[in-house]
K.L.:
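Below is one structure. I have some questions about it.
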Amino acid sequence: MPATAPIPPADDDGYRLWLRYEPLPKSAQREQYLAHFSAMDVDGASATLRAARDELGRGLRGLLELPQLPRTRADGPGIVAGTPDSSSSIARLGIKAELARVGHEGFVLKQCTLDGKPVLAIAANRDVGVLYGVFQFLRWLATESDFKSLDLVSVPKIRHRVLNHWDNLDGSVERGYAGSSLWDWHKLPDYVSPRYVDYARANASIGINSVVLTNVNANARLLTPAYLAKVSALADVFRPYGIRVFLTARFSAPVEIGGLESADPLDSRVAAFWKAKVHEIYRFAPDFGGFLVKANSEGQPGPGRYGRSHADGANVLADALAPHGGILFWRAFVYDNDVPEDRAKQAYNEFRPLDGLFRKNVFVQVKNGPIDFQPREPFHPLFGAMPRTPLALEVQLTQEYLGCATHLCYLAPMFAECLDSDTYERGPGSTVSHVVDGTLDGHEEGAMAGVANIGSERNWCGHPFAQANWFAFGRLAWDHRLSAGVIAEEWVRQTFSNDPRFVRPVKDLMLASREAVVDYMTPLGLHHLMAWDHHYGPGPWIKDGRADWTSVYFHRADSDGVGFDRTRTGSDAVSQYEPAVAQRFSSRAACPESLLLWFHHVAWSERLRSGRTLWEELCHRYQSGVDSVRSMQKTWQSLEGLIDRARFQHVQSLLKIQEKEARWWRDSCLLYFQTHSGFPLPKGAEPPEHTLEEYMRIVHYYVPGTPRSV
Ligand code: BDP
């Protein structure tokens with residue numbers, strides 16, 4: 001470090017996430033905050049209001065260095081927080097009109113006058129809204145915001161904002177790269193780790209209100225009383241934070257734990273099993289949210305085994321949940337074992353005919369794209385195609401296909417890309433966001449799910465920047481109009497520093513990071529090029545085994561060109577989209593180049609918009625992906641001293657791995673595709689470090705997150 005470099009702040013292990021509440025630097029702004037916020041009044045005895053009071057106290061004490069719990073009656077300047085029922089001050093403020101707009105979960109932040117004194121009101125109709133308001137206020141304060149932005153009416157756009165944990169009962173996490181499961185099943189319910197409270201606080205701070213505790217590849221044992229007691233203990237911890245617990249239900253549970261011979265959804269004994277089981281669960285957790293089910297997919301049992309449809313399967317569970325107010329998320333991530341058809345088309349073929357046949361309390365949960373969380377996919381054609389069924393959007397926070405725990409990849413631009421995609425279901429403006437918030441087709445409720453990237457590692461997510469993906473998911477599910485940039489800036493300021501010398505470059509670096517990953521892994525619409533099974537690293541040569549788990553199935557490279565023809569001359573997947581979208585994707589001229597090889601088989605020597613041939617463009621993209629990582633490294637290097645050394649060095653080391661792995665991807669893919677194109681690497685290209693054969697020989701064992709059964 002140069003001699004003039006500033007002394008960095010004390011080391012931070014990342015545990016506090018974006019809720020650090022470190023003292024704000026001395027400034028006129030801080031004096032102003034102190035003048036307004038050095039006292040608080042949060043009446044109310046409920047556990048949620050207690051949590052709100054604790055959080056506000058913790059935040060103010062930390063950020064403004066106030067002494068023990070600054071409490072006051074509302075007779076001076078300060079903060080009053082509550083509902084009209086919990087707080088006589090709130091009831092007297094005359095903000096009925098605002099409160100009428102915020103429903104059950106929203107809140108109002110408003111600078112008001114009470115008995116002639118200025119106060120900040122954090123008001124809501126329900127206690128949980130007060131808690132959300134407190135977190136929003138603390139975000140406002142921690143990001144050193146302006147008083148002008150303090151008046152705010154905020155209502156979540158999406159009703160169910162759900163984290164999906166893929167955690168197994170043995171403590172492993174499928175596709176988890178941040179240690180093992182947070183849930184200590186072995187010691188629950190007797191030992192309830194304090195970490196669960198911090199987890200709940202983090203979720204509440206970004207509006208997440210539901211968590212599915214367990215893997216979609218489900219274990220029926222979870223539904224036995226011994227485990228339900230454990231689930232109940234977790235539900236008790238989460239309840240004050242407005243979080244409902246959901247479980248994954250294994251479709252064959254009636255056989256495995258119910259002593260029945262069949263799980264046929266139309267068998268009355270099976271229906272009785274589910275009814276009784278659900279009844280029992282509600283005795284353990286009276287606010288149980290419901291189930292998430294993966295059925296007839298990748299070896300999971302399902303109604304298909306009995307010749308029944310997904311609607312039949314879903315409805316038997318939905319009927320059991322309905323009397324208790326529970327809901328069912330039924331996944332559309334379904335494709336046939338026999339590979340009869342372009343895998344991208346299968347979910348649509350299976351589910352679209354079932355539109356209108358699901359019970360009212362069923363959401364069909366659809367991944368953002370038609371294959372499987374690839375670095376870039378077009379939006380899933382089921383969005384815009386099932387108007388009579390509420391659809392939940394599922395995105396993946398854990399970076400299974402985007403560099404696992406070592407690559408810095410900020411995913412908000414990817415989530416936003418899907419949310420902002422126009423399905424044209426009801427003409428222009430029918431975006432995925434309006435499908436999933438329920439407004440496009442008049443559904444009362446909407447849902448968005450994120451496959452969690454959280455584990456037992458001290459900093460929760462492994463990579464310090466992976467925390468941003470958890471944060472961004474919650475913020476977007478609350479308000480899908482927020483831009484990826486705004487969210488990044490909030491996160492950087494809350495998590496690291498408000499220093500503009502740090503905020504701006506880091507925000508830019510984050511915003512560029514996802515495109516960098518696309519470029520060095522799967523540019524121009526390529527997809528599914530990763531290594532077999534554990535999915536870590538490149539494997540464009542994979543050709544053996546189940547066809548639609550190979551790479552050659554998806555890239556279709558030959559001596560003429562590369563890409564999957566999904567137009568009418570090929571698999572015709574394009575026609576699953578509305579005509580306006582289908583036309584755009586089918587037309588070689590109109591198709592966005594970022595999705596070119598997803599929809600078209602293109603000749604190696606064909607010229608693209610840049611004037612380069614496809615082969616040259618491919619080389620160019622792979623190189624620019626590597627270059628972007630190098631420029632991320634450079635940026636990061638220039639920030640030394642502006643944040644604590646521990647996190648600085650951690651990110652620095654991970655960027656080094658990322659640069660190495662970006663080259664690994666570039667060289668493996670280009671050497672492989674070169675065997676088809678026959679063209680040399682363009683002049684000046686960096687020579688690959690190894691031969692193709694050497695890359696193909698690389699084998700990784702024990703990659704984290706790999707399911708044990710395979
Ligand atoms: C795939 C994962 C697999 C999951 C599956 C799913 O590789 O581990 O079980 O998705 O979403 O991406 O069900």
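Counting starts at 1 for both ligands and their atoms, in listed order.
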K.L.:
Do NZ/NE/NH1/NH2 and the carboxylate oxygens of D572 and R566 come within less than 4.0 Å?
P.N.:
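Judged by the 4.0 Å cut-off on N to carboxylate O distance, D572 and R566 do not form a salt bridge.
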K.L.:
So which heavy atom in the protein is nearest atom 3 (C) of ligand 1, and how far is it from that ligand atom?
P.N.:
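Here the closest protein heavy atom is E174 OE2, 3.4 Å.
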K.L.:
Show which atoms of ligand 1 fall inside a sub-4.0 Å distance from at least one heavy-atom site of R175.
P.N.:
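Answer for ligand 1: 2 (C), 3 (C), 7 (O), 8 (O).
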K.L.:
Using side-chain contact (heavy atoms from CB on, under 4.5 Å) as the criterion, point out the one residue from S181, S456, P704 that pairs with V173.
P.N.:
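Of S181, S456, P704, side-chain contact (heavy atoms from CB on, under 4.5 Å) with V173 is met by S181 alone.
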K.L.:
Quick one: which ligand 1 atoms are inside 4.0 Å of a heavy atom on F333?
P.N.:
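What qualifies from ligand 1 is 5 (C), 6 (C), 10 (O), 11 (O), 13 (O).
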K.L.:
Go through ligand 1 atom by atom and flag the ones less than 4.0 Å from a non-hydrogen atom of E400.
P.N.:
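By the 4.0 Å cutoff, the relevant atoms are 1 (C), 2 (C), 7 (O), 12 (O).
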K.L.:
For Q396, which of E400, E394, Q399 qualifies under side chain to side chain donor-acceptor pair (under 3.5 Å)?
P.N.:
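Answer to the side chain to side chain donor-acceptor pair (under 3.5 Å) test with Q396 among E400, E394, Q399: E400.
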K.L.:
Backbone, side chain, both or neither: what part of Q396 comes under 4.0 angstrom of ligand 1, heavy atoms only?
P.N.:
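None of Q396 does.
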K.L.:
Can you tell me if H535 has a non-hydrogen atom under 4.0 Å from ligand 1?
P.N.:
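Yes, H535 has a heavy atom closer than 4.0 Å to ligand 1.
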K.L.:
What protein heavy atom is closest to atom 13 (O) of ligand 1, reported as residue, atom name and distance in Å?
P.N.:
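Here the closest protein heavy atom is K294 NZ, 2.6 Å.
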K.L.:
Just jot down the ring pair (Phe, Tyr, Trp, His ring centres under 6.0 Å) partners of W598, sequence neighbours excluded, or say none.
P.N.:
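By the ring pair (Phe, Tyr, Trp, His ring centres under 6.0 Å) rule, W598 matches H527.
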K.L.:
Decide, yes or no, whether a salt bridge links K367 with D372 under the criterion of side-chain N to carboxylate O below 4.0 Å.
P.N.:
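Yes.
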K.L.:
Heavy-atom contacts with V216 under 4.0 Å: which atoms of ligand 1 show up? List them by number with element.
P.N.:
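Checking each atom against V216, I get 13 (O).
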K.L.:
What protein heavy atom sits nearest atom 12 (O) of ligand 1, and how far away is it?
P.N.:
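Going atom by atom, the protein heavy atom closest to atom 12 (O) of ligand 1 ends up being D372 OD2, 2.6 Å.
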K.L.:
My understanding is that we take every heavy atom of each candidate and find the minimum distance to atom 9 (O) of ligand 1. Doing that for N217, T706, V451, I371, which one comes out nearest?
P.N.:
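When every heavy atom of N217, T706, V451, I371 is considered, N217 comes closest to atom 9 (O) of ligand 1.
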K.L.:
When you check the side-chain N and O atoms of Y335 and E298, is any donor under 3.5 Å from an acceptor?
P.N.:
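Yes, side-chain donor-acceptor contact under 3.5 Å.
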K.L.:
Look at atom 5 (C) of ligand 1 and say which protein heavy atom is nearest, naming residue and atom and giving the distance to 0.1 Å.
P.N.:
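Among all protein heavy atoms, the one nearest atom 5 (C) of ligand 1 is E298 OE1, 3.4 Å.
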K.L.:
Considering the options E659, Q658, R666, which one meets the side chain to side chain donor-acceptor pair (under 3.5 Å) requirement together with Y520?
P.N.:
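So the option named by the test is Q658.
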K.L.:
Looking at atom 10 (O) of ligand 1, what's its closest protein heavy atom, distance included?
P.N.:
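The closest one turns out to be K367 NZ, 3.1 Å.
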K.L.:
Could E256 and R221 be called an ion pair, given the rule that one side-chain N must be under 4.0 Å from one carboxylate O?
P.N.:
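Result for this pair is no, no salt bridge flagged.
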K.L.:
Both conditions, 6.0 Å and 45 degrees, for the charged tip of R308 above the ring of Y306: are they met here?
P.N.:
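Judged by the rule (NZ or CZ under 6.0 Å from the ring centre, within 45° of its axis), R308 is not positioned above Y306.
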K.L.:
Any atoms of ligand 1 less than 4.0 Å from a non-hydrogen atom of Y401? List them with their elements.
P.N.:
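With Y401 as reference, the close atoms of ligand 1 come out as 1 (C), 7 (O), 12 (O).
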